Colleague: 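Before I ask anything, here is the structure I am working with.
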There are 2 protein chains.
Amino acid sequence: MKPHVHQERLSELNEKLRQKSRKVTAPRQAILDVLRKHRHPLTNKEIFAVLPPGECDLATIYRSMHMLESMRMVQRFDFGDGTARYELICEGDDGHHHHLICTRCSEVLEIEDCFPVALEKKLAEDSGFKFVTHKLEFFGVCPKCQGK
Amino acid sequence: MKPHVHQERLSELNEKLRQKSRKVTAPRQAILDVLRKHRHPLTNKEIFAVLPPGECDLATIYRSMHMLESMRMVQRFDFGDGTARYELICEGDDGHHHHLICTRCSEVLEIEDCFPVALEKKLAEDSGFKFVTHKLEFFGVCPKCQGK
DNA sequence: ATGTTAATTGCAAATCATTTGCAATGCATA
DNA sequence: TATGCATTGCAAATGATTTGCAATTAACAT
């Protein structure tokens, strides 16, 4: 019943799924909903923890994040702790940016500017490499954690 | 016999170990020897593979690298593939630098300049963070791999 | 509506990197 | 040369991620 209700609620994100001949499944919608509500990079386990129990298997989250990454719908970040983190890529954005992470409490600040972009060109010229990109993250101690 | 031969062969690196009341053991010397001979970041497994069989346990390499890192004798790098890599820190160097890594063949180029250092200061001022550092690695396709 | 089919999921087991417990061993110092 | 604590090897534990496979389901054509 009400055959189109479901489609009406689908966001651009789900449309993107459709366009790639991917199925719009409950787990995928749930994952995208979580990402939409969180503006910071989330680990798969964090996504899993936020989801209602039984909503989606951890393995499915891993598989979904790979798919979303390959579709450029999420951006993967490495904070150097051996756990991948993902952020939804906004409309008209390429998802490329950096973070400032507190090494004590793990607070995360997004950094607007991307500095080394200009340098990639110089690097590419000097080295002969092509398609040069970079990963850059900053680490420090946030104001709250400075009082030891 | 020949009680001092061993000591005569000890490098500055082993002296450093001594100074920190660390023991100069065969596995540690072997590991440092490997690092001295390789100018690129090595994974623990790569170090293990280069070492003569039975020379040193993998777990010992993991423990040694942690120790060497805390003593600032090696620098740890993350290339985003979930495996730590280490480079010996040269005399008078702080070990801080970056790499350009080929995403196809994993060739690694060291990059002399460190660009974002000046930006750390600005970031620290803007955010209130202290002790701001960064990790930066570049990725691309090397000349050899460009011919598909 | 319903059937068909390929994509997707859950679950459990497998991998991979890394860590850790513990008893045996080995350096450094007396 | 003896003593004591650091260090090691080995095996088992951990934590993140991947994978095989049978059961389920979305998409689309009946």
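Proteins come first, then strands; the chains are lettered A, B, ... in the order of their sequence lines, and each starts at number 1. Just so we're clear, the structure is a prediction, and the values are computed from it rather than from any experiment. Just so you know, these numbers use all the heavy atoms, side chains as well, and skip hydrogens, waters and symmetry mates.
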Colleague: Could you report the tightest heavy-atom contact between B/Cys56 and B/Phe48, atom names first, then the distance?
Modeller: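 Closest heavy-atom pair between B/Cys56 and B/Phe48: O-CE1, 3.1 Å.
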Colleague: Please list, chain by chain and in numerical order, all residues satisfying salt bridge (Lys or Arg N to Asp or Glu O under 4.0 Å) with B/Asp33, sequence neighbours excluded.
Modeller: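 Scan of B/Asp33 (salt bridge (Lys or Arg N to Asp or Glu O under 4.0 Å), adjacent residues dropped) gives B/Arg36.
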Colleague: Please list, by residue number, the residues of residues 81-88 of chain B whose heavy atoms come closer than 4.0 Å to an atom of DNA chain C; answer none if no residue qualifies.
Modeller: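 Going residue by residue through residues 81-88 of chain B, the ones with a heavy atom under 4.0 Å of DNA chain C turn out to be B/Gly82, B/Thr83, B/Ala84.
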Colleague: Indicate whether OP1 or OP2 belonging to C/dT18 is found under 4.0 Å from a side-chain N or O atom of B/His66.
Modeller: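 Checking C/dT18 against B/His66, no side-chain N or O comes under 4.0 Å of OP1 or OP2.
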Colleague: Using a cut-off of strictly less than 4.0 Å between a heavy atom of the residue and any atom of DNA chain C, enumerate the qualifying residues of residues 44-65 of chain B by number.
Modeller: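 B/Lys45, B/Ala59, B/Tyr62, B/Arg63, in order of number.
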Colleague: Counting just side-chain N and O atoms, does A/Arg22 come under 4.0 Å of either OP1 or OP2 of C/dA7?
Modeller: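 So the side-chain polar atoms of A/Arg22 never come under 4.0 Å of the phosphate oxygens OP1 or OP2 of C/dA7.
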Colleague: Look at the side-chain heavy atoms of Ile, Leu, Val, Met, Phe, Trp and Tyr, link any pair under 4.5 Å apart, and say whether A/Val24 and A/Met73 land in one connected group.
Modeller: yes
Colleague: For B/Leu17 and B/Lys23, which heavy atoms make the closest approach, and how far apart are they?
Modeller: CD1-O, 4.3 Å
Colleague: Rounding to an integer number of Å, can you tell me how far A/Leu17 CG sits from D/dA26 C1'?
Modeller: 12 Å
Colleague: Take B/His99 and B/His40 through the test ring-ring contact (aromatic ring centres under 6.0 Å, His included) and record every step on the way to the result.
Modeller: CA-CA 10 Å; B/His99 303 90; B/His40 284 326; 7.5 Å; no
Colleague: Could you state the atom-to-atom distance from NZ of A/Lys23 to P of D/dC28 in whole Å?
Modeller: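 Going from NZ in A/Lys23 over to P in D/dC28 covers 10 Å.
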Colleague: Are A/Met71 and A/Ile31 in one and the same hydrophobic cluster, where Ile, Leu, Val, Met, Phe, Trp and Tyr link if side-chain heavy atoms are under 4.5 Å apart?
Modeller: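 Yes; tracing contacts between hydrophobic side chains, which count when under 4.5 Å, links both residues.
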Colleague: For D/dA16, does either OP1 or OP2 sit under 4.0 Å from a side-chain N or O belonging to A/Thr43?
Modeller: no
Colleague: Mind telling me whether A/His98 and A/His96 have parallel, tilted or perpendicular rings, with 30° and 60° as the class edges?
Modeller: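 Geometry flag for A/His98 against A/His96: perpendicular rings.
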Colleague: Looking at B/Glu112, B/Gln75, B/Glu87, which hits side chain to side chain donor-acceptor pair (under 3.5 Å) with B/His97?
Modeller: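 Checked B/Glu112, B/Gln75, B/Glu87 against B/His97; only one passes side chain to side chain donor-acceptor pair (under 3.5 Å): B/Glu87.
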Colleague: Any side-chain N or O of A/Arg28 below 4.0 angstrom from OP1/OP2 of C/dT9?
Modeller: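 For A/Arg28, the contact criterion (side-chain N or O under 4.0 Å from OP1 or OP2 of C/dT9) is met.
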